[in-house]
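Each residue takes its place number in the sequence, starting with 1. Order of appearance sets the numbers: ligands from 1, and atoms from 1 within every ligand. Side-chain atoms are counted along with the backbone in the values below, which use heavy atoms only and exclude waters and symmetry mates. Quantities reported herein were computed from a predicted structural model and do not represent experimental measurements.
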Amino acid sequence: MDLPRIFTIRESGHRIHNPLTPEKFAVLGEALRLPPGTRVLDLASGSGEMLCTWARDLGFTGTGVDISTLFTEQARARAEELGVADRVDFVHGDAAGHVAQEPVDLAACVGATWIGGGVPGTVELLERSLRPGGLMLVGEPYWRRTPPDEETAKACHATSLADFLPLHGLVGRFGELGYDVVEMVLADQDSWDRYSAAQWLAMRRWLDRNPDDEMVAEVRAELDTEPVRYTRYSREFLGWGGLRAHEALTTC
Ligand code: SAH
């Protein structure tokens with residue numbers, strides 16, 4: 001059970017595997033307005049940057065679960081480096097269906113809603129780990145501009161136009177699921193570049209260092225096409241947001 005190798009070739013140098021910068025992650029953490037001691041479950045925690053920096057800066061504690069052995073090792077090393085290894089731990093495993101043993105204050109899935117089969121299923125999954133009145137945090141792409149046709153959507157690495165909604169549609173979806181969206185921090189084109197363009201350098205360096213690897217043809221082909229594809233399509237059409245949601249208060 002592991003992430004396909006192409007992902008770790010592209011992103012082994014990334015601390016954050018989504019289009020938020022360290023600054024935006026810090027803004028998102030502050031915007032949560034949660035006290036020290038807040039308990040977090042982070043599903044698909046990647047290299048653990050969110051949990052580790054929030055543990056250091058905000059005093060949160062928590063657990064991250066990720067299917068990548070490399071990213072999970074990097075997360076543990078980062079926790080040591082930032083001096084928070086006593087407050088956070090990282091588990092290698094499949095986050096699909098993962099429910100916390102003790103209910104948490106904040107349940108997050110930032111950039112991996114396929115683990116619940118989409119946003120509604122992920123909201124349902126996170127809900128199962130949340131204490132009553134807890135918060136959830138979901139990171140998800142949206143259409144910054146709606147692509148004119150299916151071909152353009154596919155060029156943004158979507159399987160179809162229906163994969164994503166415009167931002168107001170994504171925000172509205174939480175309302176339909178019985179949640180109030182109470183905060184959001186969005187990627188922008190520059191922060192997308194930090195995520196995507198950094199992959200090109202990682203691939204180029206990997207090719208320089210591994211000329212005889214069996215993955216060379218695949219990585220070479222990707223580096224030949226990605227920069228133009230990204231700047232022409234994803235950078236124009238795709239947005240990304242971290243949305244914080246509370247279960248809606250019902251008045252009756
Ligand atoms: N939340 C992290 C990582 C987002 S990238 C961050 O923002 O940096 C998506 C992550 O999902 C990767 O780390 C990948 O290893 C992980 N992943 C993919 N499928 C998974 C699964 N079924 N269970 C757990 N993690 C998964």
Once you restrict to heavy atoms under 4.0 Å, what part of Ser47 touches ligand 1? Side chain, backbone, both or neither.
neither
For this output row, return yes or no: ring centroids of Trp200 and Tyr230 closer than 6.0 angstrom.
yes
Candidate with minimal heavy-atom separation from atom 4 (C) of ligand 1, of Val110, Leu43, Leu51
Val110
Is it true that the side chains of Glu226 and Gln199 contain a donor and an acceptor less than 3.5 Å apart?
no
Do Arg145's NZ or CZ and the ring of Phe237 fall within the cation-pi criteria of under 6.0 Å and 45°?
yes
So which heavy atom in the protein is nearest atom 14 (C) of ligand 1, and how far is it from that ligand atom?
Asp66 OD1, 3.5 Å
Side chains of residues 166-178: which donor-acceptor pairs under 3.5 Å do they make with residues two or more places apart or in other chains?
| unit_1 | atom_1 | unit_2 | atom_2 | d |
| --- | --- | --- | --- | --- |
| Arg173 | NE | Glu176 | OE1 | 3.4 |

Hey, which of Arg78, Arg15, His17 is the one that makes side-chain hydrogen bond (donor to acceptor under 3.5 Å, both in side chains) with Ser47?
His17
Just so I know, are the side chains of Phe60 and Pro36 near enough to count as touching, which here means a heavy-atom distance under 4.5 Å?
no
Per-atom contacts, ligand 1 versus Ser45 - under 4.0 Å to a heavy atom
2 (C)
In this structure, atom 5 (S) of ligand 1 is nearest to the protein heavy atom His17 O, 3.3 Å
For atom 7 (O) of ligand 1, the protein heavy atom that lies nearest, with its residue and separation:
Asn18 ND2, 2.6 Å
Just going by heavy-atom distances, which of Asp94, Leu70, Thr113 is nearest to atom 22 (N) of ligand 1?
Asp94
Sub-4.0 Å heavy-atom contact, Gly93 with ligand 1:
yes
Atom CG in Asp42, atom SG in Cys109: separation rounded to 0.5 Å?
8.0 Å
Would you mind checking which non-hydrogen protein atom is closest to atom 2 (C) of ligand 1, with the distance to 0.1 Å?
Ala44 O, 3.3 Å
Heavy-atom side-chain proximity of Trp54 to Thr38 below 4.5 angstrom:
no
Among all protein heavy atoms in this structure, tell me which lies nearest to atom 17 (N) of ligand 1, with the distance rounded to 0.1 Å.
Ile67 CG2, 3.6 Å
Enumerated ligand 1 atoms positioned under 4.0 Å from heavy atoms of Leu3:
14 (C), 15 (O)
Taking distance alone, with N or O pairs closer than 3.5 Å, would you say Gly111 contacts ligand 1?
no
In terms of residue, atom name and distance, what is the protein heavy atom nearest to atom 23 (N) of ligand 1?
Ala95 N, 2.8 Å
With heavy-atom distances below 4.0 Å as the criterion, list the atoms of ligand 1 near Ser68.
15 (O)
Got more than 12 heavy atoms from elsewhere within 6.0 Å of CZ, Arg131?
yes
Testing the basics here: between Asp213 and Arg5, what is the closest heavy-atom pair and its distance to 0.1 Å?
OD2-NH2, 2.7 Å
Please check whether Trp114 reaches ligand 1 - meaning an N/O of the residue sits under 3.5 Å from an N/O of the ligand, judged on distance alone.
yes
